[in-house]
Amino acid sequence: MKKSLLIALSFVFLTFCAYAQPKGPDADYIKANYTKYEYNVPMRDGKKLFTSVYVPKDQTKKYPIMMDRTPYSVAPYGVDAYRGSLGPSSLFVRDGYIFVYQDARGRWMSEGIFEEMTPEKEVHKTKNDVDEGTDTYDTIDWLLKNIKNNNGKVGVWGISYPGFYTTAALLSRHPALVAASPQAPMADLYRDDAFHNGAFMLTANFGFYPFFTNRQDDKPTQRRGTGFNAGTNDGYAFFMRMGSVKNSNTKYYKDTIRLWNEMLDHPNYDQHWKDRNVLYHLHDIKTAVLVTGGWYDAEDLYGAINTYKTLVKENPKTPVYFTMGPWVHGGWARGDGDHLGDIGFGGPTGPFYREKIEFAFFSHYLKGTELNLEPISTFETGVNQWKTYKTWPPKEAVDKSLYLLPGGKLSFDAPGAGDSFDEFVSDPNKPVPFISTIENDMKREYMTADQRFASQRPDVLTYETDVLDKDVTLAGNIWANLKVSTTGTDADWIVKVIDVYPDSTKNDKFTGKDVYLGGYQQMVRSEAMRGKFRNGFDKPEPFVPGKVTPVNFELQDVLHTFKKGHRLMVQVQSSWFPLIDRNTQQFQDIMKAKDTDFKKATHKVYTSKDEPSFLKVRVME
């Protein structure tokens, strides 16, 4: 059976649908021990939000409230229709909580008009000055007054979009909200899901919005979105046939999807996007917070890392915990978390997180149990070990520069005297694929996939260290500092950090068919940069053809050890299709480009003493 394009059946949606099914892992226990209620909870502006509440039948004691606010539906609807699971994990169901699920404003059975990542307001002067913070405040206030046997304490959690609603819940600053866990939260929509450094995340968004759009008015509904059927499993071929991004409307959507058009209408980081950056508002927070993310989250890696960093910086007296594991988007919520694609992690990681970190955190703040949890719990990939720290990045991490050198070399030693550069022809009509297999979506395994297919292409530059004579551990963010030139007036720059395995490495139980771990080039971190935004995402500037130009951008954080006997590799390329859209390599609004606007260009990456290209990394010593 053919799948819909990309996230039409996204991991997050499937996760919440799984919880909604009556045949979930705790279904019988929930029906026997909880009573379900449904309410239309009034907000200060008069709108009502549909809310499902599951209350323990044992009313001899008081319970804390655990709440999840979501745009993905609180289904199933009806007081006799129960979810198959409640809370972040089964541990909560058995321990006894009041569970609350709410359709966010403008979604499903709640009133109002939905806004993508509702802009938060710093000041609320009138009852009509509403946002997700005020909706959370009003909901908590109503619950405390109307749900019997609550203990006056509320916790909130959510993954991905619900992770954003969890972050926004902090802005309610309600005194009863004592614990919150934004997990893989969207933080800055421009940087999380829509664009990465100005490069449009094509395949991740194209299939999502038809599925997500079940209503565009203020009328509550249980109708689902229709999704999109590309008619092929080959996403690369499909998007090449589609052509320019603007053809998405002329050929398929016909300007019927408002949220899709909002992205196409705002390719620059303008006020539309700035209003949807919740990080600006994370001050004066008193609620204890557990931020959770995955090193291999293809969707909201930025959101998790930067939500944590902002909370710690702006709220130094507030308990803020941070966990990063070897997970894909939401991968900690269920399952073993013992591998991704061909790469194993030495054993299960999900159960440890769910019991020792997530459950322990909420139990402490909501029920007063003991908590023995360091501020930072991170999984070190490469050696597959949990590590704890007081701060992130660790204080032991030292800044170093990793230089791209002539002859495809990579070293912590700077280049010597003399002019040197590497060049390649970038043809947007023959873009570099982001993965070697035939896929019709953003296959999450690309985050650890073998990059040998890319290193064999003439339009991918490859730089590699000698065989390492000792372990090298990178901990913290990575910055690409490139010196480049192009014959065009715009260009994308993709940088990938890769762990190259020894040729003697043996396959294990997770190794795919016709895959060999000997010589495997495992991607550890990667990121794209649309070159015209090199001096600011709100002010695109053309390249001067032939002029050496700095292009600097962040690749996000890692905690990875390149083991002795391995090699460290960096690849540089200018297309990554259809993960990101194609650059015409001309200075223009690419969202409005014609199919004839895509032009070849010759790009140079400089590797000389006077014009060095390097990665700024943090190395544990």
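Just so it is clear, the structure is predicted and the values come from calculations on it, not from any experiment.
- Ion pairing of Lys564 with Asp471 is absent here, as no side-chain N (NZ or NE/NH1/NH2) approaches a carboxylate O to less than 4.0 Å.
- Aromatic rings from Phe537 and Phe195 are positioned such that their centres are separated by 6.0 Å or more.
- Residues Phe206 and Tyr253 bring their aromatic ring centres within 6.0 Å.
- Shown here for Gln573 and Asp459, the closest heavy-atom pair between the two residues is CB-O, 3.8 Å.
- Ring geometry, Trp392 versus Tyr389: the interplanar angle falls from 30° to 60°, so the pair is classed tilted.
- Under the ring-ring contact (aromatic ring centres under 6.0 Å, His included) criterion, Phe543 pairs with no residue at all, not counting sequence neighbours.
- Of the N and O atoms on the side chains of Asp188 and Asn306, not one donor lies less than 3.5 Å from an acceptor on the other residue.
- When the ring-ring contact (aromatic ring centres under 6.0 Å, His included) test is applied to Phe164, no partner is found at least two apart in sequence or on another chain.
- Of the possible polar contacts, one joining the Tyr161 side chain to the Met117 backbone as a donor-acceptor pair under 3.5 Å is found.
- The side-chain tip of Arg582 points at the ring of Phe598 from less than 6.0 angstrom away and within 45° of straight on.
- Aromatic rings from Tyr353 and Trp327 are positioned such that their centres are separated by under 6.0 Å.
- Trp260 has its ring centre less than 6.0 Å from the ring centre of Phe200.
- Side-chain rings of Phe238 and Tyr252 approach one another, their centers coming within less than 6.0 Å.
- Scanning all heavy atoms of the two residues, the minimum distance from Arg567 to Asp466 falls at NH1-CA, 3.7 Å.
- Look at Glu554 and Arg191 and you find no salt bridge, because none of the NZ, NE, NH1 or NH2 atoms lies under 4.0 Å from a carboxylate O.
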